[in-house]
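Notes to accompany the following structure.
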Amino acid sequence: MSNKKIYSILIFVMLLWGMNVSWMKLIITSGDPLTLQGLRVFLAALTVFLILKLMKQPLTVPNMPWKYIILACFFGVICHHGFFAYGIEQTTAMKTAIISGMSPLFTAFVAVLFKDTVMTRAKGLGFMLGGIGVLIAVVRDFSDLINWALGDVFMILSFFLQAFSFIAIRRATRIMQPMLVTAWMLLIGSSVLLLAALIISPSNFTVLTGLSPIVLTLFLLSAILATGVGHTLYNLCIKQIGAAESAIFANFNTVFALIFSALLLGEIITIQQFIGSVFIIVGVIVGTGNVERLLKWRREVA
């Protein structure tokens with residue numbers, strides 16, 4: 001698969017995930033966070049298994065890499081979605097955007113730690129430019145950076161621990177297809193989340209019956225598109241280009257969040273937000289190595 005196609009897929013996934021932040025804010029505030037998150041991820045798992053069945057793909061392979069699947073499940077589903085559910089309930093959309101936008105830095109750190117990538121100067125510069133862009137785009141007041149609550153800590157843990165899952169996914173996809181990895185990690189992870197929710201508060205399992213039609217629609221879109229389809233495509237890209245290179249596109253979450261705030265909520269995009277978006281885009285271009293390849297090509301031509 002060409003890099004151009006991979007990058008297009010990643011941008012599409014970031015589009016879904018950018019919308020999903022707003023969807024999740026509405027969903028989680030409509031009921032018990034852990035129950036809703038468990039049910040949402042479980043539906044996402046069923047979606048991926050259904051796609052595999054329709055494609056007539058096997059649901060298991062010889063020598064299943066259970067070690068990596070369980071690790072990916074623990075860090076990428078149980079920890080990430082669990083902390084995210086409680087974090088987004090207790091923090092602001094702005095801080096969520098800041099932390100999710102910084103997730104590429106977490107992933108780069110973990111990827112270098114596990115020798116999944118080599119951090120060149122260009123990649124490091126790209127990550128820093130993207131991080132600066134996120135801060136410029138979403139921080140209106142310095143107090144936003146220093147006034148942290150428990151929800152903010154949960155969000156940091158959510159994205160930091162998720163970075164470890166990307167390394168496990170990279171290892172697992174050497175043996176089995178990314179879609180199959182996604183299906184199993186979502187199924188096992190959601191089952192653990194639902195079991196925890198059942199133990200903590202079994203009465204909350206009727207939560208879906210109390211959702212309004214709009215919130216229920218967002219719940220289905222979030223589960224099927226953002227989590228089921230989105231994670232499948234993202235894991236495919238991890239297999240192709242690695243965890244750190246894929247993660248740098250997470251900076252686009254902030255850009256899409258701003259765009260949809262303007263289109264759907266009527267908010268005005270400020271000059272500050274526009275400048276931040278430019279930093280993010282430049283950071284992605286530099287961090288993915290395109291500038292290095294262009295300079296190398298020009299030297300060879302010269």
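Please read all numbers here as calculations on a predicted model, not as lab measurements.
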Go through Cys73 and Ile78 one step at a time and tell me if the side chain to side chain contact (heavy atoms under 4.5 Å, CB included) criterion holds.
CA-CA 6 Å; Cys73 166; Ile78 298 171; 4.1 Å; yes
Between Gln162 and His81, does the side chain to side chain contact (heavy atoms under 4.5 Å, CB included) criterion hold? Intermediate values first, please.
CA-CA 9 Å; Gln162 185 189 36; His81 289 288; 5.9 Å; no
Check the pair Tyr68, Arg174 against side chain to side chain contact (heavy atoms under 4.5 Å, CB included), reporting the backbone distance first and the verdict last.
CA-CA 11 Å; Tyr68 295 121; Arg174 292 173 182 172; over 6 Å; no
Go through the steps to decide whether Phe159 and His80 satisfy the test side chain to side chain contact (heavy atoms under 4.5 Å, CB included), and finish with yes or no.
CA-CA 6 Å; Phe159 286 99; His80 173 61; 3.8 Å; yes
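Other residues, nucleotides and ligands contribute at most 12 non-hydrogen atoms within 6.0 Å of the CD1 atom of Ile214. In this structure, Phe164 places its CZ atom where more than 12 heavy-atom neighbours from other residues, nucleotides or ligands lie under 6.0 Å away.
Annotation: side chain to side chain contact (heavy atoms under 4.5 Å, CB included) contacts of Phe154 (sequence neighbours excluded): Phe83, Tyr86, Gln90, Leu150. The side chain to side chain donor-acceptor pair (under 3.5 Å) search around Thr35 returns Asp32, not counting sequence neighbours. Partners of Ser190 according to the side chain to side chain donor-acceptor pair (under 3.5 Å) rule, which considers only residues two or more places apart in sequence or in another chain, do not exist here.
Rounded to the nearest 0.5 Å, atoms OG (Ser158) and CZ (Phe84) are 6.5 Å apart. Between the CD atom in Gln240 and the CD1 atom in Ile6 there is a gap of 4.5 Å [rounded to 0.5 Å]. Taking CD1 of Ile9 as the reference point, atom OG1 of Thr232 lies at 11.5 Å (rounded to 0.5 Å). Put simply, NZ on Lys239 and CE on Met176 are 10.5 Å apart, with the number rounded to the nearest 0.5 Å. Thr227 OG1 to Trp23 CH2: the interatomic distance, rounded to the nearest 0.5 Å, is 9.5 Å. Here the CD1 atom belonging to Ile224 is positioned 5.0 Å from the CG atom belonging to Leu43, to the nearest 0.5 angstrom.
Panel note: side chain Asn20, backbone Leu16; no donor-acceptor pair is recorded below 3.5 Å.
Cluster membership check: Phe219 does not share its hydrophobic cluster with Leu50, using side-chain heavy-atom separations under 4.5 Å among Ile, Leu, Val, Met, Phe, Trp and Tyr. Both Met55 and Leu186 are members of a single hydrophobic cluster when ILVMFWY side chains are connected at heavy-atom separations under 4.5 Å. Cluster membership for Val181 and Leu46, using ILVMFWY side-chain heavy atoms within less than 4.5 angstrom, is shared. Taken together through direct or relayed side-chain contacts under 4.5 Å among Ile, Leu, Val, Met, Phe, Trp and Tyr, Leu194 and Leu220 form part of one hydrophobic cluster. Residues Val61 and Trp66 fall within the same hydrophobic cluster, defined by Ile, Leu, Val, Met, Phe, Trp and Tyr side chains chained together at heavy-atom separations under 4.5 Å.
Counting only heavy atoms from C-beta outward, the side chains of Phe75 and Phe166 never approach each other to under 4.5 Å. Using a 4.5 Å cut-off on side-chain heavy atoms (C-beta onward), Met24 and Gln37 make contact.
Between Ser222 and the choices Ile27, Leu36, Thr217, Val41, the side chain to side chain contact (heavy atoms under 4.5 Å, CB included) rule is met once, by Ile27. With Pro178 as reference, Thr173 is the one residue of Ile238, Leu233, Ile169, Thr173 to meet the side chain to side chain contact (heavy atoms under 4.5 Å, CB included) rule. When each of Thr47, Thr182, Leu180 is paired with Leu52, the side chain to side chain contact (heavy atoms under 4.5 Å, CB included) condition holds for Leu180 and for no other.
Side-chain rings of Trp17 and Tyr234 approach one another, their centers coming within less than 6.0 Å.
Nearest approach of Ala72 to Ala168, heavy atoms of both residues: N-CB, 3.8 Å.
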